[in-house]
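Read through the structure below, which is laid out as structure tokens, and then see the notes.
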Amino acid sequence: MTDSPRSRIFARVSRAQNEADATTIQRELEALGSAPTADLPAADISTAFLTNVLKNQGTVDCAANRSSAVKSVADYLYRHFRSHRLVAGNDPHLAAMPWREAGVLPRFGGVEPGEAVSLSYALLGVAETGAIVTVTGKANPAANNLLSEHHLVMVDSTRLVRDMEGAWERIRRETVKSGWPRGINFIAGPSSTADIEGKLVYGAHGPRQWHVILIGDVPATALEEARALAGQLNQGTS
Amino acid sequence: MASSDGCTSLKQTSNTFLDNAHEALQDAGKVERRNLMAYYMHIVRDAAVDQFGHFEDLRQHVKQVKQHSLEHLEYYLNQFEQAALQNGNHVHFAEDGDQLNSIVLDICQQHSARRIAKGKSMVTEETGLNDYLKRAGMKVVETDLGEYIIQQAGETPSHIVGPALHKSAAEVRELFFAKHDLGERELADTGEMVSEARRVLREHFLKAEVGIIGANALIAENGYSMLVTNEGNGDLCANLPNVLIVCTTLDRVVPRSEDATAMLRLLVRSATGQPQTCYTSFYSGPRREHDIDGPLETHIVLLDNRRTEILASDYREMLQCIRCGACLNHCPIYAGVGGHAYGWVYPGPMGSVLTPLLTSLEQSKALPNACTSCGRCAEVCPADIPLPDLLRDLRHDETRQKLSSSRWRLGMRLHAWLARHPTLYHAVTGLGIFTLHLLGRRKGSFASLPLAAGWTSQRDFPAPEGKTFMHQYSAMHREEKAREHKAAQALEQNTKAGPAAPRRTAQGRTPARRNGTERIEPSLRVDWPRKPDPRKPSGTRPRREGDDSASGKKPAAHPGGPRGKKPRRRPDHD
């Protein structure tokens, strides 16, 4: 311990700075306040979230309740694959969905290579960035976010937070019991790359398509408004 | 040092920067592509910054957090280490590149690993990890598409964010035909090439025993590391193989999760113009009890490689860098000559500062000079690093260490001496300008001039108008003073009582910038001729003791000194 790379590095770091105790450091840090966040594209949080999902090149749907959410998944699968095959994590929310109503019977577990569609139930949705948040674990194995071609995500409208600070606040509060997860993933769009000549291509390593279903009480015009806003904003920036 | 003992793979060629640059300018196609990128990247970045709304506030906030973290690095590094250990990681410290490489190799060998999937990491480029592992018989595959392309081509990154942007789609197509044994196929567009790389790399992901990634931030409060990608390749590396190794540097530590995501807001907008990358992930350690995937064992290797030296030096601000590449995208030199000319891992303005600090100034003395002092890099730097100042300070170090040519130093000494004798300076420049004016009056410009061939070989030198700037400036000054005097007299007559208006307003005050309109206050002008020419450093700068122009202990001969110049904003001339 006395003469290890670690101790030599710490000694050099220590020499480069003034001493301060933990309380002073904490006080100094708190005095810095919090970071400004991005403006939301709409006052209503659902509309803002949907707008940013669309701007991230995701596709969206709204479902008033669990029955219509299941139906939305079935429609999506039929539209793209003419099948009802789906992999979902062992999430109690997903297990409790009325799958039979729509004739979909997911396989619960982790995505195996070659399986095309996965479904996740998001812990949170972030309006500021149009991202959904999942945590690794039995309920959503990491492979389910990454290995499929199409990644479907359900988000409950009561689980939307305004910004990333709001996301951390919830994660901190809610993971106290279960302990911090191995991984926390903010996902904002299908996998993409611009590494060849700066041209944007979707489906680099992860899913090529990213579909978000917002469940619950959402203003009737939210989706329409979000499409208009995303269209307008896209024209304004690209 | 890692770079000198032959163990690192990337041979540094910074010492031949001028030749490299000259060569780079010969390829017209690549020059055109660089111009296009430089043009395009400004637009996307500016749009993203504008849309955010309060970018400057964000920038200042994150800068303060970074400075706070660096000021208390010992505390936060310790906190991070404890949290990371508690999360079940193995934490290693490496003083230089060789140590990092050998730590990583040891881990791979302990697991009898043969196949390694690697996410993008500039730190491992810096240590030459790939070649080191390859020599030990490992199959290392870069999985970021850009890194994969240059790895297949046997090249080095030309950009810290888009490492293969120097290659055309046609070149990538040829490369894939040569490297992938996949039979007859078209690869007609970028989409098909991406798909092919996806297919080839997916195989490798599924077979790899070890994943290696970098980190964009380390969070002290909970021991997580932040990984930012668009492709999701880093996440595959972090989740599929049984062993995960995170290679990063100790200056990445920030106090809280919120600080990492605040930095993310700056990083992504500055790098690609997106509001958020597709994948922003926080990983804490090995698989938990009921998890069905994720690595079984995780290691974090924290590299120093002279960063503690930088921390103790006057170049500490460079450690605020978040590696977004905005300074590259906005640098006219980088746009002109491209990343490879810089001859090491980090190109552009940030590289011209980092390379001398991480390797040696002797090996890279051309880099601090590869700067027009235009100031765009400092303007767009999300970490608010005064890059042109740091580059000038490095040039100053070169002069002090006698690394620049003796002729150049003699010229500098002459200039410094002259600049310290204002009367003589004005006489000499006045005479010179007047002579040039007389000689060039007819044509209006010079096609060649003695001692200025570097200028006139490329363009004509415009003939001066006859009077120096200072001549015109003093004339204006006198006029205004006379006007003020008159006004003061008038005022005195009007208000018979009261103290006389102060003739000379307080020297140090700068009320010039009120209400957004800039007006040069007459009192400020008095200082002008005494200041050293800002383009030619002549003041000595003691190491350490950041901004102390006002402390008064500096030698009077060098008022201000290069770093002492208070407002670091870019001067609006040039």
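The chains referred to below are lettered A, B, ... by the order of the sequence lines, with proteins before strands, and numbering in each begins at 1.
Residue B:F55: no heavy atom, backbone or side chain, is found under 4.5 Å from chain A. B:D293 touches chain A through backbone and side chain together, each having a heavy atom under 4.5 Å away. Using a 4.5 Å cut-off between heavy atoms, B:R199 does not touch chain A at all. For a residue to count as touching a neighbouring chain, one of its non-hydrogen atoms must lie under 4.5 Å from one of that chain's; by this rule B:Q99 touches chain A with the side chain only. For B:L227, no part lies under 4.5 angstrom from a heavy atom of chain A. With a 4.5 angstrom heavy-atom cutoff, B:T277 touches chain A only via backbone atoms. If you measure heavy-atom distances from B:R202 to chain A, the contacts under 4.5 Å come from the side chain alone. Of the two parts of A:A142, the backbone and the side chain both hold a non-hydrogen atom closer than 4.5 Å to a non-hydrogen atom of chain B. The parts of B:L73 that come within reach of chain A are both its backbone and its side chain, each placing non-hydrogen atoms under 4.5 angstrom from that chain. Contact annotation for B:E196: neither backbone nor side-chain heavy atoms come within less than 4.5 Å of a heavy atom of chain A. Of the atoms belonging to B:R269, it is side-chain heavy atoms, and not backbone ones, that fall under 4.5 Å from chain A. Heavy-atom distances place both the backbone and the side chain of A:P207 under 4.5 Å from chain B. Contact of B:Y148 with chain A is not made at all, since no heavy-atom distance falls under 4.5 Å. For B:A94, the part lying under 4.5 angstrom from a heavy atom of chain A is the backbone only.
With contacts defined as side-chain heavy-atom distances shorter than 4.5 Å, the pair A:F10/B:N78 qualifies. Looking at B:L311 and A:V13, their side chains come closer than 4.5 Å, going by heavy atoms from C-beta outward. Residues B:Y76 and A:L29 form a side-chain contact, since some pair of their non-hydrogen atoms from C-beta on lies under 4.5 Å apart.
In this structure, a donor-acceptor pair under 3.5 Å is present between the side chains of B:E231 and A:T193. Side-chain contact of B:N239 with A:R182: a donor-acceptor pair under 3.5 Å is present, judged by distance alone.
Contacts of residues 118-132 of chain A with chain B at a heavy-atom distance below 4.5 Å involve A:E128, A:T129, A:A131, listed in sequence order. Interface residues of residues 147-155 of chain A toward chain B, defined by a heavy-atom distance below 4.5 Å and sorted by number: A:L147, A:S148, A:E149.
When A:K138, A:M164, A:K199, A:E169 are compared by the number of non-hydrogen pairs under 4.5 Å with chain B, A:M164 comes out ahead. The choice from B:R265, B:R288, B:Q64 that makes the most heavy-atom pairs within less than 4.5 Å of chain A is B:R265. Chosen from A:G206, A:P36, A:A35, A:G183, the residue pairing most often with chain B at heavy-atom distances under 4.5 Å is A:P36. Of the listed residues (A:D163, A:V201, A:I184, A:V135), the greatest number of heavy-atom pairs within a distance under 4.5 Å of chain B belongs to A:I184. Chain B forms more heavy-atom pairs under 4.5 Å with one residue of A:S34, A:A22, A:A143 than with any other, namely A:S34. With chain A as the partner, the residue from B:G273, B:G232, B:P163, B:G146 showing the most heavy-atom pairs under 4.5 Å is B:G146. If you tally non-hydrogen atom pairs under 4.5 Å between each of A:E19, A:R172, A:R15 and chain B, the highest count goes to A:R172. Heavy-atom pairs under 4.5 Å with chain A were tallied for B:H92, B:M41, B:R256, B:R33; the largest tally goes to B:R256. Interface remark: of the candidates A:E28, A:R208, A:E165, A:Q17, A:Q17 forms the most heavy-atom pairs closer than 4.5 Å to chain B.
Considering every non-hydrogen atom in both B:V194 and A:G203, the closest pair reads CG1-O, 4.0 Å. Of all heavy-atom pairs between A:I196 and B:V172, the closest is CD1-CG1, 3.9 Å. Closest of all the heavy-atom pairs between B:Q276 and A:A188 is CG-CB, 4.1 Å. The two residues B:D291 and A:G137 have their closest heavy-atom pair at OD1-CA, 3.4 Å. The shortest heavy-atom contact between A:I25 and B:H68 is O-CE1, 3.3 Å. In this structure, B:T308 and A:I9 approach most closely via the heavy-atom pair CG2-O, 4.1 Å.
Note on A:R12 versus B:E74: no salt bridge recorded, every NZ/NE/NH1/NH2 to OD/OE distance being 4.0 Å or above.
Not less than 6.0 angstrom separates the ring centroid of B:F282 from the ring centroid of A:W180.
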Residue pair A:N185, B:Y283: steps toward the side chain to side chain donor-acceptor pair (under 3.5 Å) verdict | CA-CA 9 Å; A:N185 305 97; B:Y283 293 110; 3.2 Å; yes
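At distances below 3.5 Å, not a single donor-acceptor pair connects side-chain atoms of A:H205 with backbone N or O atoms of B:D144.
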